[in-house]
Structure formats: C-alpha cells, structure tokens
Amino acid sequence: MRRFHVYDSRTRETRVFAPITPPRVGLYVCGMTPYSAAHVGHARTMVFFDVVARALRRWGYRVFYVQNVTNLDDKVIARAAESGDDPLGLADHQFREYLASMERLGVRSVNLYPYATDYVPEIVAQIRTLVDKGYAYRADDGSVYFEVAKFAPYGALSGQRVEELRPGARLELDPRKRSPEDFVIWKSATPGEPSWESPWGPGRPGWHIEDTAMTGRLLGDRYDLHGGGIDLIFPHHEAEVALAESATGVAPLANYWLHGGLLLLEGTKMSKSLGNVARLDAVLDEYGPMPLRLFYLNASYRSPLEFDPEKSLVEAREAYGRLAQPATRLAELIDRGGAEREGEELPDGVEVEADDLVERLDTLLASDFATREAIAALYSWGRRVGELGNLTRFSGAGLSGLYGPYAWGEEVLGLFVRPATGASGAWSEIVPVALEARARARARGDFAEADRIRDALAAQGVRLEDGPDGTRWEFVASG
RNA sequence: GCCGAGGUGGCAGAAUGGUUAAUGCGACGGACUGCAGAUCCGUUUCCUGGGGGUUCGAUUCCCUCCCUCGGCUCCA
C-alpha cells in the first residue's frame, strides 16, 4: 500500500493517511438528491472522488465506496407534486438518469448507491437511541428534533459557533423546537406524502440522519473517508458528526473529511436553486466525457473552478486532443500490430524514463491528489514521445513501454479511454490494403484515384490523415 | 456580523524561502502536405491584490488592509 497525504478539512491540515483496518478503506460520499437532472457541478465532485477511489485501489487499498441517494426529501416531494408523479418514482427515474451520465463519464468506482428509504429501520433505531440518551426530543406534532445544545463539540468540523449563527431568514423560528439551531431528524407525516410508522407516529426521515444511519450499517461507527462538496460542510456534515457521535459515543465519525471545491458559473456557485446550471447530459452530448474530465482534473480539487459555457470545454477539447494524440497513436499501433509486433527496441533509457514518470505520477497523486501536476507531466511525456519521431518502427514491446504513463492516466484519471469501435477487427485487415493502393496512386500522381479511395473509406466512417510517417486512420464517431 | 476558501500572464490554472514562476488555451511566426485534415517546432521579454515585518534573499512565512467566492439549517 502506497503512503499518501490528504487534506483533512476537520483538522485543516494535510495528513498522512492511515486506514482503520488496512488494507480496507471505507469511503462515503454524499451524492445528489435526484429531484432533477444532474449538472456539471455535481459531476466535478463525482469525478474527483472517482479518481480518489481509482488511485487508492491502484495503491493496494481495498476501497468500499458508498454514495448515498437521498431519494426522498422536501424537494423531491415538491417536484413530484408539480408534475403529478409519485415522489419515489420520480427520484428513482432521476437517479437512473444520473447513473447513466456517470457511466458515460467513466465513473464506475462506486460499490453501492443506497437509497435512504431502504434504511428506515436503521434510521428509526438511531433516532430511538438518540431519544433514549437524551440528545433528541419529540415535538407535539410527532416530529423529532436533535438538540444541538446537548452535543458540546457541535461546530468543530465547520468552525461555526452556535452563538454566531445568524438568526437570519433561513433559521426559522419554529415553535416546535426548543432552540432555533435544533434540526429535524424525523418529520411527522403530511397526508398524501410517503410515510413510515415509528414510535413517534407516522413520518419520514430528516436529511442528516439518513447518512448516519446508513454509514452505521454499511461502514460501522467509525470509517476512513467522508467526502462531498464544500457546501455540505455546514450544516449537513456538522449534523452528521453530532448525530453519529452522540448515538455511538465513538469519535471521530470519519477519520478524514474531504471537501471538493465548487464549480462557479459567472463567479457564483452553480446550483439548481439559482437556475444557473449547465446540464451534465447536454455537456456530455456536445463534448464527450474526456474533455470534461480533463477540465475538472486540470484544477486543484479544493479550489473553486470557473465554468464558462462558451469557452471552458472548447478549450478543454483542444487541450485534450493534444494530450491524447500520442496516446491514441500508440494505442492504434499496439492494437493493430499486437504486442508481438516486430520492430526496433526503444532507444537506451527511454523505458526507464517511462517507469520513472509513472512513479512520479503516483507520487503526485499521493500528495493530496495533485491531478493538475500529473496532467502537466503527461503533456511533457507527449513531447518526449514526439521526439522519437516515426513510431511505426518500434516493436510492440517498445510501444507498450511508451504507453505506460498513458496506461496510468487511463487507470487513475480515467483519461485516454477510446470509444469502442466495434468493427475494428475486420477493418484492421481491410483498411491497410486500401491505404497501400492509395499510397501507390499518390506516388504515381494519380490524385483522383487517391481521393476516390479516401472518399470511399470516409463513407464507411474511416477518416484518414496523411502525416510524415505515413497515413493513419480512425473511425469517426457516429456517421 | 461570524466561519471557511481564494486573489498569479490576454485567458484558464499549478508550484516554490533562492538560477529563465509549470502546464494548457489563445495569439504570432515557421515546418510538413498534391489537396484536405492533423501534427510538429519556435516566440509570446515587462504576470504573484495594497502596505508593513522576518530574512543575505519573500510570490512563498508573519501582521494588517482591500477585494472575490462559499456557508450560516434546500445545496456536489
């Protein structure tokens, strides 16, 4: 297991990571509330934690990655009421759409996406414990509240002090609460809305306790890593700490807290409530997953990142094209020639350079996931590969050696993934024959014939590019 | 008001107590090419919010001020 450092927002310092029970690592990330389509801000967080899970697995940790689904809350109910849908059905549908986008984005590292409503028994049990221990109380209407004053460390995670919380518009004065900062963990039932029986009457779970009930069941009283967007740190994560540590008496709930920076649109946070969103599926349709992943990973994960709908991904697409060009070229040659392909060995030292670079890439990621620096190093590798000139002369083993850093990028960053081409097996036999015929035509100056061949291949979705070391070809997506 | 994160070239965005402050985009110039497309090479000297302090040396550490963003019970 590789040693790595991670910035822990609870202690506000970069710390060496030490798992509770190596090599296992419990990773819990707050997922989205599926009441409407995911936007590119959500996806930034998900891509980052995808890279975390990929890196840890590469380094020998056995990661159990849970991402919860808050499939029932006020917003889901409100949205369902607008459209006349069943709330749980709406959430289920939206979540499936979200999963489809994650699949397109290459986010496949999550082991389990639990629905909050599948954990009502655990939630009720935890509330019962809190009530029994005196941390929570039932209000007259059957709702149950957590009494913040009973939990002394409240505010430690986020640095908030209860007495400094602004008694502003959003901290409503609610006669059911003993104190304004108390938060609801069981909401008494409203007729027509989904509800469950409980010792306090019919109702449904409050937001914060869903997570602590699920993590208690799935990851235990204490676990290694808890992640989410920085906007969740207060009150949501603060509340989780209060609930779990009060209920179990064990602290800390999570050994490391990772918070991802937000995506900004025109300088302000992208959010569904503000309406300034770029939908994830639309962006994937227009640019594909790789430029988007590059765009996210091109910044420090903790910093705010400005998303310009007109420019950001146009630029990322250009940048990704350059970054991936040598990788694509190498992969094509390896695919078509096989690992046994004959040819020259690499010049002295190049293989060692590739291995050293892979080690350096791991080292960079192990330093609080410095994806941007890893990407810069991959650009320099592209230049190094370019210096070697015509790649077609190298053996399969040599080409594989050159591909090493890109294989790392594929494994950890999820970049350099090529769309499946399906028919390429058969085409890899046919296209070279056509290219030879075309090369002969060009050599004798018969450009009409050469262009005819090029057009014929183009009609089949095969695009040609003449370059100094011959003609390369590829399938063009769609037709 | 309180808590937190930031301020770096035309733009995006890294890093660092010390030679030319990474990388990418853009721009400009060139190479290659039958054409197309793509690629490659070079250039882009004057860029670290203001003011103090520590130091031989500060963009980096400390203090202060200004500004931006996020959170303050819906939020990735």
Side-chain angles (χ1 to χ4, degrees), chain A residues 9 12 29-33 35 38-49 67 70 73-75 78 148 155 158-172 174 177 180-184 206-208 227-236 238-239 259-264 267-274 294-295 298-300 302-308 311-312 314-323 325-326 329 370-380 382-383 386-387 389 442 445-448 450-451 454 458 463-469 472 474:
Chain A
S9 23
R12 296 187 188 84
V29 173
C30 288
M32 64 176 291
T33 300
Y35 72 92
H39 58 64
V40 290
H42 297 120
R44 181 189 185 194
T45 302
M46 300 320 166
V47 167
F48 169 65
F49 285 105
Q67 186 180 120
T70 303
D73 81 337
D74 294 350
K75 296 231 167 179
V148 168
S158 60
Q160 302 283 340
R161 286 195 303 271
V162 171
E163 58 272 25
E164 293 288 356
L165 295 178
R166 181 161 57 182
R170 305 231 335 244
L171 197 61
E172 77 227 60
D174 186 328
K177 296 183 182 182
E181 64 271 16
D182 293 352
F183 55 86
V184 68
W207 177 34
H208 311 305
I230 187 78
D231 53 346
L232 294 182
I233 197 166
F234 190 91
H236 184 51
E238 195 70 60
H259 287 104
L262 299 182
L263 198 66
L264 310 180
T268 58
K269 172 184 167 181
M270 181 177 293
S271 85
K272 286 188 269 194
S273 352
L274 294 174
L294 178 66
F295 169 69
N298 211 16
S300 161
R302 292 198 282 131
S303 304
L305 177 62
E306 177 70 28
F307 179 80
D308 182 333
K311 284 174 57 183
S312 295
V314 173
E315 178 179 323
R317 185 166 56 189
E318 286 300 314
Y320 180 72
R322 275 178 56 101
L323 180 65
Q325 200 274 338
R329 180 74 174 127
T371 52
R372 180 56 184 108
E373 288 187 84
I375 288 166
L378 287 169
Y379 274 107
S380 69
R383 276 189 298 280
E387 287 170 7
R442 291 175 74 200
D446 185 353
F447 297 118
D451 290 349
R454 182 167 65 193
R463 191 170 64 113
L464 304 189
E465 284 176 18
D466 296 324
D469 42 322
R472 55 186 293 259
E474 65 182 356

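Here is how names work: the chains are called A, B, and so on, in the same order as the sequence lines, proteins then strands, and each is numbered from 1. It should be emphasised that the depicted structure is a prediction, and the values quoted were computed from it without experimental measurement.
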Nucleotide paired to B/rU16 in any strand shown, Watson-Crick or G-U, under 3.5 Å: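 Because no pair has both required distances under 3.5 Å, B/rU16 counts as unpaired.
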Opposite nucleotide pairing with B/rU60, Watson-Crick or G-U, both atom distances under 3.5 Å: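 Checking every strand shown, B/rU60 finds no partner, since no pair has both distances under 3.5 Å.
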Nearest heavy atoms of A/Met32 and A/Ala38, plus distance in Å: SD-CB, 3.8 Å
Aromatic stack A/Phe447/B/rG34: centroid gap under 5.5 Å, interplanar angle under 30°: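 Given the distance and angle limits, yes, they stack.
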Is the distance from OP1 or OP2 of [N] to the nearest side-chain N or O of [X] less than 4.0 Å?
{"X": "A/Ser158", "N": "B/rC2", "value": "no"}
{"X": "A/Arg383", "N": "B/rG42", "value": "no"}
{"X": "A/Arg322", "N": "B/rU23", "value": "no"}

Side-chain donor/acceptor contact of A/Glu315 with base of B/rG24 under 3.5 Å: yes
No-H, no-angle donor-acceptor pair, A/Arg454 side chain to B/rC35 base, under 3.5 Å: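 Indeed, a donor on one side and an acceptor on the other fall under 3.5 Å apart.
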Candidate nucleotides B/rA76, B/rC72, B/rA15, ranked by approach to the side chain of A/Glu373 - the nearest: B/rA15
For atom CG of A/Asp466 and atom C1' of B/rC35, their distance in whole Å: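 Spelled out: CG on A/Asp466 to C1' on B/rC35 is 9 Å.
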Sugar-phosphate only, base, or nothing, as touched by A/Asp451 at under 4.0 Å among non-hydrogen atoms: base
Sugar-phosphate, base or nothing in reach of A/Arg12, heavy atoms under 4.0 Å: sugar-phosphate
B/rC11 to B/rC47 separation - P atoms, rounded to the nearest Å: 14 Å
